[in-house]
There are 2 protein chains.
Amino acid sequence: MVGHPAGLPDDPRANVTAPTPACPVEITLAALHGRWTTLVVRELLRGDRSYSELRLALPMLSDKVLSDRLAQLGEAGVVERDRRPGWPPRVRYALTPSGHRLGPVLQALWDWGAEASTRDTGAESSCATSPLR
Amino acid sequence: MVGHPAGLPDDPRANVTAPTPACPVEITLAALHGRWTTLVVRELLRGDRSYSELRLALPMLSDKVLSDRLAQLGEAGVVERDRRPGWPPRVRYALTPSGHRLGPVLQALWDWGAEASTRDTGAESSCATSPLR
DNA sequence: CTGAATCCCTGCCGATACTG
DNA sequence: CAGTATCGGCAGGGATTCAG
């Protein structure tokens, strides 16, 4: 009726009354849940990183939260850990194919927030999580 | 390099190291933040609703959280309150134009979660927050 | 009917310190 | 270099009660 361009065809699984973890929307929000998460994903969208490179890129992010996020994103199938043998330990973090597909999602989030904020303030917001380059 | 299809052209405001509330992505996530929020939006995407219609559609949602969410969505410019004179009090909630633009955002969240879950389980997830009919 | 106020409990996240 | 362990403060959210 309202006529959104995108077209989820008539979807059988759209009549629930509580936020179940099985809902695709909840799955995505769970993957991105928590502070710093989108920034970590954004950093990895630019390329694979080591732990210390991530710390360097996000200096205000504590060790605890960073490892929490990496574990969470690993659970969600977004990030892959590549541990290499030898000393000192070298570990690379990279997005999985599924993780790369978060690009358009972050883009959609960015677009709505950008439009909403320009309509409110008329100003450009200088910030952080833009998905691509 | 990685080559995402969508194209945020080179965006000047993408080099920050902390999750500031001015970030468009943060703005959107803040608007959708918290449990039940996407389900309320989804319900309103189907048409305007009264308070009690929302309670009926989402029976497990408590009064406190419902009014919290409606206030939050009002603050975010997503939902508009239409109070009509007379007795008993009649109030209608409807999405603003900005709110309707959340349709594609929820669609993007749905799509990623749907693909991620089918690749994990091979099964269909029966759930809730699908944006459109 | 449409909410707001209160209470309490849980889980997040930040800081610090410590290990392989 | 790459994390884990522990603790404390604070905000989110559920149930109940009260108000316009």
Side-chain angles (χ1 to χ4, degrees), chain A residues 17-21 23 26 29-41 43-44 48-76 79-94 128-129, chain B residues 17-21 23 26 28-41 43-44 48-76 78-94 128-129:
Chain A
T17 61
T20 136
C23 173
E26 296 294 327
L29 290 177
L32 296 178
H33 177 254
R35 211 170 167 217
W36 294 101
T37 309
T38 56
L39 285 173
V40 172
V41 172
E43 195 59 30
L44 291 173
D48 62 310
R49 296 284 189 270
S50 69
Y51 188 88
S52 44
E53 284 170 341
L54 288 172
R55 280 202 309 193
L56 199 65
L58 306 168
M60 314 295 293
L61 175 52
S62 76
D63 277 343
K64 174 188 190 293
V65 179
L66 177 53
S67 39
D68 282 357
R69 291 300 171 262
L70 291 171
Q72 162 189 341
L73 292 169
E75 274 302 304
V79 162
E80 199 175 22
R81 266 184 66 167
D82 187 11
R83 164 163 257 151
R84 306 187 179 186
W87 191 265
R90 302 263 167 182
V91 180
R92 294 252 107 197
Y93 290 93
T129 328
Chain B
T17 62
T20 136
C23 173
E26 295 295 326
T28 310
L29 290 176
L32 295 178
H33 175 256
R35 212 169 168 219
W36 295 101
T37 310
T38 56
L39 285 173
V40 171
V41 172
E43 195 58 30
L44 291 172
D48 61 312
R49 294 285 188 271
S50 69
Y51 188 87
S52 43
E53 283 170 341
L54 288 172
R55 279 204 305 193
L56 199 64
L58 306 169
M60 312 294 292
L61 174 53
S62 76
D63 278 342
K64 175 190 188 292
V65 178
L66 176 54
S67 39
D68 281 358
R69 290 302 172 260
L70 291 171
Q72 163 189 339
L73 292 169
E75 274 302 306
V78 170
V79 162
E80 199 175 22
R81 267 185 63 169
D82 186 11
R83 166 162 255 150
R84 305 186 179 187
W87 190 264
R90 303 263 168 181
V91 180
R92 295 251 108 197
Y93 290 93
T129 328

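In what follows, chains carry the letters A, B, and so on, assigned in the order in which the sequence lines appear, proteins first and then strands, with residues in each chain numbered from 1.
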Separation of dC1(D) atom P from R92(A) atom CZ, nearest Å, is 13 Å

When rounded to whole Å, the CZ to C1' distance for the pair R49(B) and dC1(C) reads 18 Å

key: N/O (side chain, R81(A)) to phosphate O (OP1/OP2, dA2(D)) under 4.0 Å   = no

From CG of L58(B) across to C1' of dG13(D) the rounded distance in Å is 15 Å

When rounded to whole Å, the CG to P distance for the pair D63(B) and dA19(D) reads 16 Å

Whether W87(A) contacts dG20(C) is assessed here as follows: a side-chain N or O lying under 4.0 Å from the phosphate OP1 or OP2. Is that the case? no

Query - dG3(D) phosphate, OP1 or OP2, under 4.0 Å from Y93(A) side-chain N/O - result: yes

Check your understanding: Looking only at side-chain N and O atoms, does R55(A) come under 4.0 Å of OP1 or OP2 in dA2(D)?
Key -> no

K64(B) has its side chain closest, among dG3(D), dC1(C), dA15(D), to dA15(D)

S50(B) vs dC1(C): side-chain N/O to OP1/OP2 distance below 4.0 Å | no

Atom CG of L56(B) and atom C1' of dC1(C) are separated, to the nearest Å, by 14 Å

L66(B) CG to dA5(C) C1', in whole Å, measures 16 Å

Considering only NZ, NE, NH1 and NH2 on the basic side and carboxylate oxygens on the acidic side, decide whether R92(B) and E53(B) come within less than 4.0 Å.
yes

Apply side chain to side chain contact (heavy atoms under 4.5 Å, CB included) to the pair R69(A) and V79(A), showing each step before the final yes or no. CA-CA 10 Å; R69(A) 291 300 171 262; V79(A) 162; over 6 Å; no

Checking dG3(D), dC13(C), dG12(D) against the side chain of V65(A) (C-beta onward), the nearest is dC13(C)

Atom CZ of R35(B) and atom C1' of dG11(C) are separated, to the nearest Å, by 13 Å

- Item | Phosphate-side-chain proximity, S67(A) and dT4(D), N/O vs OP1/OP2 below 4.0 Å | yes

**Prompt:** Would you call L54(A) and L44(A) a side-chain contact if the rule is heavy atoms closer than 4.5 Å?
**Reply:** yes

Whole-Å distance, Y51(A) OH to dT19(C) C1', equals 13 Å

Look at the side-chain N and O atoms of S62(A) and state whether any lies under 4.0 Å from the OP1 or OP2 oxygen of dC13(C). no

Scanning both residues in full, the closest heavy-atom pair of A18(A) with L39(B) reads C-CD1, 3.5 Å

_W36(A) vs dC12(C): side-chain N/O to OP1/OP2 distance below 4.0 Å_ = no

Show, in sequence, the C-alpha distance, side-chain angles and deciding distance for Y51(B) and V91(B), and conclude whether the side chain to side chain contact (heavy atoms under 4.5 Å, CB included) test is met.
CA-CA 7 Å; Y51(B) 188 87; V91(B) 180; 5.8 Å; no

- Message: Measuring to OP1 and OP2 of dG13(D), would you say a side-chain N or O of R69(B) lies under 4.0 angstrom away?
- Response: yes

